[in-house]
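Below is one structure, written out as structure tokens, with a few remarks after it.
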Amino acid sequence: MPGILVITPFPTDEAALAARKQAAAAGLSPDTKLTWREVRAGPDAVASATDGMLLDLAVFEAGLDAEAGGFDAVCIDAFSEGGTAALRSMLGIPVVAPGRATMLHALTLGARFAILAQGQHAVLRHRKEAAACGLMAQCASVRAVEPGAAFATALEEARRCVEEDGADVILLGATAMHQLATGLAEALDVPVIDPFPLCLQQAETLLTLGLRHSRRAYPGPVAPRPDVLRALLQGAAAFAAGR
Amino acid sequence: MPRVLVVVPFPMSEENLAQRRAQAEAVRLGADMELEFRPVRVGPAGYASHHDFALAELSIVDAALSAQDEGFDAVCIDTMSDSGMTVLRSMLDIPVIGPGRHAVLTALTLGERFSILVMWDRWKPLYTKTLAELGLGARCASIRSIGVQPDNQALLAGKEDAVFPLLEQAALRCVEEDGADVILLGSTTMHQAHAYLAARLPVPVINPGPLTYRLAELAIRLRLRHSRRAYPRPRSDWRAMIRAMGDAGAAAMPAR
């Protein structure tokens, strides 16, 4: 009975979370059990390097005890690699995030991908992530769709990604955009990747093949300081509660 | 009941086919998944030269071009050259999974650079095309060979003591000298060495055949398949002609 810890970095209302949980579980092995855990404190969105730093630490702390806690893998419910490299340096179980793994999967389906970012502020972050993975040449473009925009608006941006920018594959840049996937794929006849369901399936892939990240790529610390990390987040949570 | 066609790149006896089928034991798929291993009826004797690669493409395509009509939900190709994958993707609307491309991309989810372990130098060109198409050649730390001629029928059966330690030593050099974070077995014909290597090496070792079966399952579950933009359809239906070529070629094959 493989157990996956799902870390949710951003606060979500219950109805939206319930819908996402249902969509995510579709297609998974009936044996796989998902446990959802929110971070202790952190930003609502990542629009700057400061938000990114806080997200990094929040996700890192939330997943730190996953292996000791008996989980078989960790997944992140956000299109972000924040905190995942740090977790890989501490854990011997797979840590899979929508982000790098989504872009690499896109390249199994076509030569170039485009990312539909949720909001203009997210465009820079996605470009940096593609660059960090060495995939700038394969990233045709990153275009923004504002949250709450009409489907027609999202479709227009996605169409430009394909027809003007040369993308073969569209990646939805936020796990909250999942409702767009089917409609866009049908309208454009290109694969449209919903990042979180793919992330869960990728975790299942690693588990069923006995694979996880390389310790050569993610060596552990000489002197780990988990108590310091926990204190940082406890401080953040106490500060947020006191406000 | 999802059905996956696995195309095996050489005609072979049932006994040898069983060794190819044994790859399925290395991955736990959903209980409803069915794999069917089908050898080609026409093709080269080995995959070691451009002569072979040219024949290989038609060989694989001939074996799988009706897969969708036959009711398969995906096709896997049992060779790291990915021969026939691009052509089949242009003809079929079901996922077509070649291990070369998919193993490289999976490796990069686990580390920054990978090495490919091969039996002999003649296999090195198999990966050139895939790495060039992906634009990821710089992520390949090295391709190391142990200088042993492969047997694409009997695989490594009976050669474990001779070959497995050589593979282990070459892989360690990939890690310690070349900077590889991940090792790829350079051929599905090496799968019998996977457990031995995975237990002894300090890095992940990717077993490409089983990876493709699981990625076929993933593609089926997520309803994701290759982009038509990247793999445009042919303007004419060439299937009947390809079948006729396969008929003629099969009749001309040397007796086994």
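So that the names make sense, note that chain A is the first sequence line, chain B the second, and so on, each numbered from 1. What you see is a predicted model, and the numbers here were worked out from it, not measured in a lab.
- Taking the side chain as every heavy atom from C-beta outward, A/Arg215 and B/Pro202 never approach each other to under 4.5 Å.
- Proximity to chain A is limited to the side chain of B/Arg101, based on heavy atoms less than 4.5 angstrom apart.
- Residue contact with chain A, scored on non-hydrogen atoms closer than 4.5 Å, is absent for B/Arg113.
- Contact tally against chain B (heavy-atom pairs below 4.5 Å) for A/Asp189, A/Val169, A/Thr205: the top residue is A/Thr205.
- Within the 4.5 angstrom heavy-atom criterion, only backbone atoms of A/Arg212 (N, CA, C, O) approach chain B.
- Using non-hydrogen atoms only and a strict 4.5 Å limit, the part of residues 92-111 of chain A facing chain B consists of A/Arg100, A/Ala101, A/Leu104, A/His105, A/Leu107, A/Thr108, A/Leu109, A/Gly110, A/Ala111.
- The main-chain N or O of A/Ala217 is never found under 3.5 Å from a side-chain atom of B/Glu112 such that the two would form a donor-acceptor pair.
- Within the 4.5 angstrom heavy-atom criterion, only side-chain atoms of B/Leu222, from C-beta onward, approach chain A.
- A/Leu28 does not touch chain B: none of its heavy atoms, backbone or side chain, sits under 4.5 Å away.
- Enclosure of atom NZ in A/Lys128 is not indicated, since only 12 or fewer non-hydrogen atoms of other residues, nucleotides or ligands lie within 6.0 angstrom.
- The most heavy-atom pairs under 4.5 Å with chain A, out of B/Asn207, B/Val203, B/Leu218, B/Thr109, come from B/Leu218.
- Here A/Phe196 pairs with A/Trp36 under the ring-ring contact (aromatic ring centres under 6.0 Å, His included) rule; sequence neighbours left out.
- Residue A/Gln138 touches chain B through its side chain alone, counting heavy-atom pairs closer than 4.5 Å.
- Comparing B/Arg223, B/Arg214, B/Arg139, B/Arg28 by heavy-atom pairs within less than 4.5 Å of chain A, the highest count is held by B/Arg214.
- Neither the backbone nor the side chain of A/Pro219 comes within contact range of chain B; no heavy atoms are under 4.5 Å apart.
- Contact of B/Arg89 with chain A is made through the side chain alone, with heavy-atom distances under 4.5 Å.
- Note on B/Ala138, B/Gly98, B/Ser227, B/Ala230: by heavy-atom pairs under 4.5 Å with chain A, the leading option is B/Ser227.
- Note: A/Leu198 leads A/Asp194, A/Leu207, A/Leu198 in heavy-atom pairs under 4.5 Å with chain B.
- For B/Val205, the part lying near chain A is the backbone, with the side chain staying farther off; criterion is any non-hydrogen pair under 4.5 Å.
- Proximity to chain A involves both the backbone and the side chain of B/Leu211, based on heavy atoms less than 4.5 angstrom apart.
- For the pair A/His213 and B/Pro204, the tightest heavy-atom approach, listed with the atom from each and the gap, is C-CG, 4.1 Å.
- Neither the backbone nor the side chain of A/Leu188 comes within less than 4.5 Å of any heavy atom of chain B.
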